[in-house]
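Here's the structure we're looking at; comments come further down.
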Amino acid sequence: MSETKSLSIYAYVNGRYLEKDKASVSIYDHGFLYGDGVYEAIRAYDGIVFKLQEHIDRLCESAKSVKIELSVTKDELTGIVIEVLKKNQLKNGYVRIVLSRGAGKMGVDPRNCPEPTLVVMAEPREPLFGKEVKGIAAMLSSLRRTPSWALDPRIKTLNYLNNVLAKIEAIEAGVEEAIMLNEQGYVAETSTENIFVVKRGVIATPHTSLGILKGITRDVVIGIAKELGYPLEERELTVHELYNADEVFVTGTAAEIVPIVKISGRIIGDGKVGPVFSRIIARFRELTHSPTEGVAIG
Ligand code: PLP
């Protein structure tokens with residue numbers, strides 16, 4: 001992207017805007033030592049930070065669940081995200097907010113950490129599977145998504161090893177993505193995307209009670225599907241349904257919306273990018289550029 005140039009990259013770290021090379025956190029940070037923290041990933045499109053409020057709300061919910069207190073208000077955090085984008089002269093970019101328990105002596109006791117660590121960074125980032133829309137291949141992972149009773153996938157924590165290991169399986173198998181089932185054997189999500197299937201014009205996606213992150217792109221796509229008049233079901237999805245779908249696609253901030261055309265050696269539908277996906281992505285592109293769907297960088 002042209003915005004990369006040779007500009008310094010600035011990040012916000014606990015109240016200060018620092019150049020990337022000078023921005024750092026302590027080796028005693030419990031986010032580093034224990035994965036004790038939460039995060040958000042957000043995209044800006046042509047000067048609009050898409051669904052920023054929704055991402056900040058989800059960060060606050062994740063933080064509340066793991067009992068980390070945010071040291072700034074939601075409005076202040078909105079301002080910090082905008083400021084980081086401005087300082088980096090980015091109108092298009094990928095923003096990461098990381099909130100960890102903070103630095104403190106070793107030991108999982110959260111009382112060791114008097115202050116949480118808040119980092120906001122932004123940089124240009126192309127869609128995860130490339131700029132051009134093309135179908136990707138996926139596999140069923142041997143790993144099950146972390147069950148809600150262990151660590152609820154609705155909390156966007158810094159504990160991503162479950163997802164990282166699934167991704168490693170995909171890489172080892174020579175495909176782009178890994179689809180994880182939940183503890184009960186129903187389809188859950190991929191390493192970093194939610195999943196949708198289309199069969200005879202009906203769209204279905206796992207319900208949020210089935211061990212998934214309640215993706216913000218997922219919510220947008222559900223809205224688009226309804227707006228376009230497709231019946232939309234949030235329910236349990238079986239692997240059989242996945243293999244026999246007319247279309248499968250995944251959604252996420254990093255990937256945006258991407259069709260899956262092959263799963264564990266089975267061609268999905270006719271193996272091409274499907275018509276339902278094409279209508280949905282077209283509307284998604286409009287929404288990502290709509291001032292009513294985000295916060296303007298200004
Ligand atoms: N599922 C998982 C496990 C994720 O990590 C992500 C995003 O990082 C998603 C789904 C998609 O969520 P969103 O659309 O809010 O980016």
Side-chain angles (χ1 to χ4, degrees), residues 35 37-45 49-63 65-66 81 93-99 121-122 125-129 136 138 140-141 143-148 150-170 176-183 186-197 205-225 234 237 248-260 277 280-281 283-285 287-288 293-295:
V38 296
Y39 83 98
E40 272 303 318
I42 310 161
R43 268 190 195 277
Y45 295 91
V49 191
F50 188 55
K51 298 287 177 194
L52 177 55
Q53 244 43 77
E54 287 78 353
H55 281 282
I56 288 180
D57 287 348
R58 186 171 68 183
L59 181 85
C60 290
E61 289 191 2
S62 296
S65 255
V66 302
V81 169
Y94 181 82
V95 180
R96 179 62 64 106
I97 307 175
V98 183
L99 174 68
M121 52 212 252
R125 186 172 178 191
E126 289 207 342
L128 190 58
F129 301 108
I136 61 166
L140 275 195
S141 172
L143 292 148
R144 295 285 165 103
R145 194 73 181 91
T146 315
S148 303
L151 182 61
D152 195 327
R154 283 199 58 175
I155 311 168
K156 202 163 168 52
T157 75
L158 296 182
N159 272 272
Y160 255 55
L161 267 181
N162 182 229
N163 318 55
V164 172
L165 292 177
K167 189 73 179 188
I168 289 172
E169 276 191 337
E176 278 95 346
E177 202 37 290
I179 300 168
M180 283 186 278
L181 307 182
N182 68 10
E183 204 190 3
Y186 291 108
V187 175
E189 58 188 340
T190 68
S191 68
T192 51
E193 296 95 34
N194 292 112
I195 191 160
F196 288 75
V197 302
T205 193
H207 190 270
T208 51
S209 62
L210 294 165
I212 61 165
L213 181 75
K214 188 176 186 295
I216 287 164
T217 322
R218 171 189 182 275
D219 288 348
V220 172
V221 165
I222 288 173
I224 295 174
E234 291 179 73
L237 267 184
V248 174
F249 57 85
V250 292
T251 66
T253 299
E256 300 185 324
I257 314 177
V258 177
I260 294 188
F277 165 83
I280 288 177
I281 188 107
R283 182 65 182 135
F284 180 73
R285 295 266 174 261
L287 290 180
T288 52
E293 302 299 315
V295 176

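The basis for the numbers below is simple: all heavy atoms, side chains too, and nothing from hydrogens, waters or symmetry mates. Just follow the structure's listing: the first ligand is 1, and inside any ligand the first atom is 1. Please read these numbers as outputs of a predicted model, since none were measured by experiment. Starting from 1, each residue takes its place in the sequence as its number.
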Check this for me: F129, atom CZ, are more than 12 non-hydrogen atoms of other residues, nucleotides or ligands nearer than 6.0 Å?
yes
Using the ring of each side chain (for Trp, its six-membered ring), is F196 parallel, tilted or perpendicular to F249, with breaks at 30° and 60°?
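Ring orientation of F196 relative to F249: parallel.
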Modelled atom types, side-chain donor and acceptor of T217 and E256, under 3.5 Å
no
Applying salt bridge (charged side-chain N to carboxylate O under 4.0 Å, His left out), name anything that partners D57, two or more places apart in sequence or on another chain.
K74
OH-OG1 distance between Y94 and T253, expressed to the nearest 0.5 angstrom:
7.0 Å
Inter-residue atom distance R144.CZ - L181.CG, 0.5 Å rounding
5.0 Å
Check ligand 1 against the protein and report each N/O to N/O distance under 3.5 Å, formatted as atom name, atom name, distance.
residue, atom, partner, partner atom, Å
ligand 1, 1 (N), E189, OE1, 2.6
ligand 1, 5 (O), K156, NZ, 3.4
ligand 1, 5 (O), Y160, OH, 2.4
ligand 1, 8 (O), K156, NZ, 2.6
ligand 1, 14 (O), I216, N, 3.3
ligand 1, 14 (O), T217, N, 2.9
ligand 1, 14 (O), T217, OG1, 2.6
ligand 1, 15 (O), R58, NH1, 2.8
ligand 1, 15 (O), R58, NH2, 2.9
ligand 1, 15 (O), I216, N, 2.7
ligand 1, 16 (O), T253, N, 2.9
ligand 1, 16 (O), T253, OG1, 2.6

